[in-house]
Amino acid sequence: MLDIKDLHVKLEDEDKQILKGVDLSVGAGEVHAIMGPNGSGKSTLSYVLAGKEGYEVTQGSATLDGVDLLDMDPEERAAAGLFLAFQYPVEIPGVGNMTFLRTAVNSVRKARGEAELSAGEFLKEIRARAKALKIDAEMLKRPVNVGFSGGEKKRNEILQMAMLEPKMCVLDETDSGLDVDAMKLVAEGVNALRSPDRAFLVITHYQRLLDHIKPDVVHIMADGRIIKTGGPELALEVENNGYAALLQEVA
């Protein structure tokens with residue numbers, strides 16, 4: 001589904017290389033986790049996949065179902081089935097959550113050649129999704145993320161993901177700033193969306209999230225490259241021993 005080959009990326013404003021040859025393949029139905037020390041390039045990878053400005057791809061490729069992601073505008077990537085959950089979801093004062101979600105859903109449906117949802121259809125769908133994710137209906141009436149707690153912001157993003165039904169979900173440190181209960185709720189929402197035709201790339205610092213979102217494959221990233229790949233036991237190894245031993249192993 002997602003295939004990244006020899007991806008090199010630098011900052012546009014500085015001649016600083018961040019990604020130095022990333023190779024990664026995530027199949028349909030799979031959950032892959034990326035772990036690594038600060039500054040290893042994990043978040044940069046997610047930003048480049050989503051099309052955030054400020055980065056220049058100098059070499060390599062990234063495709064989703066065989067289609068070149070790097071040649072698309074961000075909205076085209078979303079319509080193609082890519083979703084990015086941010087580490088720090090932004091607040092959008094003055095824009096109601098329901099209005100935002102309905103506009104986003106119908107924009108994606110239109111781009112895919114599907115019929116847009118009527119107000120009644122959308123309301124029925126979002127209420128069902130919100131109930132399944134244990135999201136208070138009052139949250140839907142508020143401006144996007146304004147006054148939300150960290151856990152509410154992350155659950156709101158999972159609701160967005162549920163409504164947009166993407167093929168490829170990239171979660172950039174979605175456990176950042178969450179207490180244990182909030183993290184469990186977010187993980188439950190992610191797990192409810194797992195399916196044979198949807199894949200996840202979970203970026204995290206800590207193994208604790210992976211206790212709740214069980215990955216099929218774990219990758220360790222350092223200095224702009226994936227230096228080791230293994231099963232869930234690799235995350236436990238990092239939790240117990242840190243990154244130093246792995247970095248020495250590949251030095």
task = Indicate yes or no: at least one non-hydrogen side-chain atom of F122 is less than 4.5 angstrom from one of M163.
result = yes

task = Show your reasoning for whether side-chain contact (heavy atoms from CB on, under 4.5 Å) applies to N145 and E157.
result = CA-CA 9 Å; N145 292 328; E157 278 205 315; 5.6 Å; no

request  = Decide yes or no for I34 and H32: does some side-chain heavy atom of the first lie under 4.5 Å from some side-chain heavy atom of the second?
outcome  = no

request  = Nearest 0.5 Å please: distance from the CG atom of L236 over to the CG atom of D211.
outcome  = 7.5 Å

Heavy-atom closest pair, residues P232 and P215 = CG-O, 3.3 Å

request  = May I ask you to decide if F86's main-chain N or O and D172's side chain share a donor-acceptor pair within less than 3.5 Å?
outcome  = no

message = So, taking the atom named CG in L19 and the one named CD1 in I226, what distance separates them when rounded to the nearest 0.5 Å?
response = 9.5 Å

task = Any chance you could lay out the salt bridge (Lys or Arg N to Asp or Glu O under 4.0 Å) test for E138 and K141, step after step, and finish with the verdict?
result = CA-CA 5 Å; E138 288 301 311; K141 302 175 184 177; 3.2 Å; yes

key: Interatomic spacing from NZ in K154 to CG in L171 - rounded to 0.5 Å   = 9.5 Å

ask   = Can you tell if the side chain of V108 reaches within under 4.5 Å of the side chain of F83, non-hydrogen atoms only?
value = no

inquiry  = Salt bridge or not between R155 and E152? Use side-chain N to carboxylate O under 4.0 Å.
reply    = no

query = Shortest non-hydrogen contact from L210 to A235?
reply = CD1-CB, 3.7 Å

ask   = Judged by atom type as modelled, is there a donor-acceptor pair below 3.5 Å linking the side chain of E233 to the main-chain atoms of G231?
value = yes

task = Using a 4.5 Å cut-off on heavy atoms from C-beta on, say whether the side chain of Q17 contacts that of Q59.
result = no

request  = Work out which heavy atom in A80 is nearest to a heavy atom in L64; give both atom names and the distance.
outcome  = O-CD2, 3.7 Å

Trace of the side-chain contact (heavy atoms from CB on, under 4.5 Å) decision for E91 with K153 = CA-CA 9 Å; E91 298 182 4; K153 287 181 178 180; 3.4 Å; yes

ask   = Are any non-hydrogen side-chain atoms of L82 and K167 less than 4.5 angstrom apart?
value = no

message = Within a 6.0 Å radius of atom CZ on R127, are there more than 12 heavy atoms belonging to other residues, nucleotides or ligands?
response = no

Working for salt bridge (Lys or Arg N to Asp or Glu O under 4.0 Å), residues E125 and R129 = CA-CA 6 Å; E125 181 72 17; R129 298 279 192 177; 2.9 Å; yes

task = Indicate yes or no: at least one non-hydrogen side-chain atom of L159 is less than 4.5 angstrom from one of N156.
result = yes

message = I need the minimum non-hydrogen distance between F200 and M168, along with the two atoms involved.
response = C-CE, 3.7 Å

query = Should the heavy atoms of other residues, nucleotides or ligands under 6.0 Å from CG of D73 be counted, would the total exceed 12?
reply = yes

query = Which heavy atom in V9 sits nearest to a heavy atom in T58, and how many Å separate them?
reply = N-OG1, 4.2 Å

query = Could you state the interatomic distance from CD (E237) to CE (M35), rounded to the nearest 0.5 Å?
reply = 10.5 Å

inquiry  = Could you go through V105 and I126, starting from their C-alpha distance and side-chain angles, then the distance that decides it, and tell me whether this counts as side-chain contact (heavy atoms from CB on, under 4.5 Å)?
reply    = CA-CA 11 Å; V105 168; I126 196 169; over 6 Å; no

ask   = Would you find a donor on one side and an acceptor on the other, under 3.5 Å apart, between the side chain of N106 and the backbone of L117?
value = yes

remark   = A78 and R112 have their tightest heavy-atom pair at O-NH2, 3.8 Å

task = Verify, without hydrogens or angle tests, whether E14 (side chain) and L11 (backbone) share a donor-acceptor contact under 3.5 angstrom.
result = no

message = Would you say that E173 contacts K42 through its side chain, given a criterion of any heavy-atom pair below 4.5 Å between the two side chains?
response = yes

For residues 44-54, please give each side-chain donor-acceptor pair under 3.5 Å, one per line with the distance, not counting sequence neighbours.
unit_1	atom_1	unit_2	atom_2	d
S46	OG	S43	O	2.7

note = Interatomic distance, CD1@I4 vs OG@S25, rounded to 0.5 Å, equals 9.0 Å

task = Under the side-chain contact (heavy atoms from CB on, under 4.5 Å) rule, what do I92 and V146 come out as? Steps first, then yes or no, please.
result = CA-CA 7 Å; I92 311 178; V146 175; 6.0 Å; no

message = Any non-hydrogen side-chain atom of E165 less than 4.5 Å from a side-chain atom of R198?
response = yes

ask   = Is a side-chain donor or acceptor of D6 paired with a backbone partner of G21 at a separation under 3.5 angstrom?
value = no

ask   = What is the distance from atom CD1 of I220 to atom CD1 of I227, rounded to the nearest 0.5 Å?
value = 7.0 Å

task = Without swapping roles, check the side chain of R225 against the backbone of K20 for a donor-acceptor pair under 3.5 Å.
result = yes

ask   = Are I203 and V22 joined in one hydrophobic group, where the rule is that I, L, V, M, F, W and Y side chains link up if heavy atoms are under 4.5 Å apart?
value = yes

request  = Count the heavy atoms of every other residue, nucleotide or ligand shown that sit under 6.0 Å from CG of N240, and state whether that count exceeds 12.
outcome  = yes

